[in-house]
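Down below is the structure, laid out as structure tokens.
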Amino acid sequence: MQSAKMTGATWDYLRSMREQGQRQITRPVNDDKASLSLYEPIARRGRPLVLAQVGQSLDGRVATTTGDAQDVSGCDGISHLHRCRALVDAVVVGVGTVVADNPSLSVRAVPGENPVRVVIDCNGRMPQQSKMLTDGGAPVLVVQADDILARRLGHEVVRLPRCGEGLHPKDILDCLAERGLTSVLIEGGAKTIARFIDADLVDRLHVAIAPIIIGSGPMGISLAPVDRLSEARRPTVNVYNIGTDIVFDCDFRRPAASLETSDQGQDVLVTHPA
Ligand SMILES: NC(=O)c1ccc[n+]([C@@H]2O[C@H](COP(=O)([O-])OP(=O)(O)OC[C@H]3O[C@@H](n4cnc5c(N)ncnc54)[C@H](OP(=O)(O)O)[C@@H]3O)[C@@H](O)[C@H]2O)c1
């Protein structure tokens, strides 16, 4: 596990990477290597990135059974989330999160730019008085199915064809890319993240774990079931101690190892060369 303590110089460098695109920027010397390895893949421009992030308890919960989701993450976990927001073009949530938490999705815990805010609201149930629709902050883009009654929300509404149970995450990413939004944070909740992971569209997943046990309540990640552990996802994982929370940085584009069934019918761990 690496210890990541963000310095002002490192954060300035990461922000300039995000803002100046492909232009060559000098990397700070003798700076926090762990913070650079955690955040550089997000700040880097030139190819699309889909990052998902979950802030959860030790037992994998993101809220209580009554929906209290405040302060699951410690203060460093919150700063981490706000850094991720500041380094991407757009932050995406499902309408369930808007109804439950009424978030502003802005960057407040660290200096940085606010990303475009995207709400996946297939069936048009986003409350008209939602904070992000009325706070005058960063642009909001609402993604709906094209077979529902159009509503005026005072912000751009993109209408996509319904496909199966909802909207295809690839169609959502394509419509963001058409608007120049190619670096995307999928912030939650679990249903929204699951759709993107199940469609194999997430490049990296950050699981930020806070030392709290909630015991019951909604989970941070809940994917389509698999029968055998050999079918489970095994990304390459780097672990960072960021202070109040521990971040597991999972790289889905670099599978680490997989379980395969041996001749004796047992699951055996097979490591693939990175
Ligand atoms: N700790 C964290 O990191 C974190 C972050 C965010 C949220 N949360 C928590 O997560 C909970 C909410 O999560 P959730 O899983 O219930 O809801 P959610 O993921 O926020 O929203 C799910 C809803 O969004 C719509 N949706 C998302 N993707 C879609 C797609 N591809 N096609 C069609 N519709 C799509 C659907 O709306 P319809 O139902 O209208 O079809 C779906 O039911 C809250 O308790 C919140 O506090 C935690």
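Atoms within each ligand, like the ligands themselves, are counted from 1 in listed order.
- Those atoms of ligand 1 with a heavy atom of Val54 less than 4.0 angstrom away are 3 (O).
- Within the 4.0 Å heavy-atom cutoff, Val93 does not count among the residues contacting ligand 1.
- For the residue pair Tyr240 / Ser35, no side-chain donor-acceptor distance below 3.5 Å is found, with atom types taken as modelled.
- The side-chain contact (heavy atoms from CB on, under 4.5 Å) with Arg159 is formed by just one residue from the set Asp146, Asp147, Val142; it is Asp146.
- Residue Gly55 approaches ligand 1 through these ligand atoms, each under 4.0 Å from one of its heavy atoms: 1 (N), 2 (C), 3 (O).
- Residue Ala100 has at least one heavy-atom neighbour below 4.0 Å for each of these atoms of ligand 1: 44 (C).
- Pairs engaging residues 48-66 under the side-chain hydrogen bond (donor to acceptor under 3.5 Å, both in side chains) rule: Ser57-Asp59, Thr64-Thr66 [sequence neighbours left out].
- At a threshold of 4.5 Å between non-hydrogen side-chain atoms, the residues Asp203 and Asp251 do not count as touching.
- The side chain of Asp101, and not its backbone, has at least one atom closer than 4.0 Å to an atom of ligand 1 (non-hydrogen atoms only; side chain from C-beta on).
- Between Lys170 and Asp174, at least one side-chain nitrogen of the basic residue sits less than 4.0 Å from a carboxylate oxygen of the acidic one, meeting the salt-bridge criterion.
- Residue contact check: Gly188 has heavy atoms under 4.0 Å from atoms 6 (C), 19 (O), 20 (O) of ligand 1.
- Side-chain atoms of Arg162 and Asn123 form a donor-acceptor pair, as typed in the model, at a separation below 3.5 Å.
- With a 4.0 Å heavy-atom cut-off, ligand 1 is reached by the backbone of Lys191 and by its side chain too.
- Salt-bridge annotation for Asp200 and Arg253: present, with a side-chain N of the basic residue lying under 4.0 Å from a carboxylate O of the acidic one.
- Atoms of ligand 1 lying under 4.0 Å from at least one heavy atom of Thr192, given by number and element, are 18 (P), 19 (O), 21 (O), 22 (C), 27 (C), 28 (N).
- Close approach to Cys122 involves these atoms of ligand 1, each under 4.0 Å from a residue heavy atom: 33 (C), 34 (N).
- Remark: ligand 1 atoms within the under-4.0 Å shell around heavy atoms of Glu187 are 5 (C), 6 (C).
- Nearest residue to atom 35 (C) of ligand 1 from Ile221, Ile120, Ile148 is Ile120 (criterion: closest heavy atom).
- Between Arg152 and Val157, every side-chain heavy-atom pair lies at or beyond the 4.5 Å cut-off.
- Heavy-atom contacts of Ala69 reach the following atoms of ligand 1: 47 (O) (cutoff under 4.0 Å).
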**Message:** I'd like to know whether His206 forms a ring-ring contact (aromatic ring centres under 6.0 Å, His included) with Tyr39, so could you lay out the CA-CA distance, the side-chain angles of the two residues, the decisive distance to 0.1 Å, and finally the verdict.
**Reply:** CA-CA 11 Å; His206 284 186; Tyr39 296 107; 7.1 Å; no
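- Around atom 14 (P) of ligand 1, the closest heavy atom drawn from Ala190, Pro169, Pro103, Gly67 belongs to Ala190.
- Remark: distances from the non-hydrogen atoms of Val72 to ligand 1 are all 4.0 Å or more.
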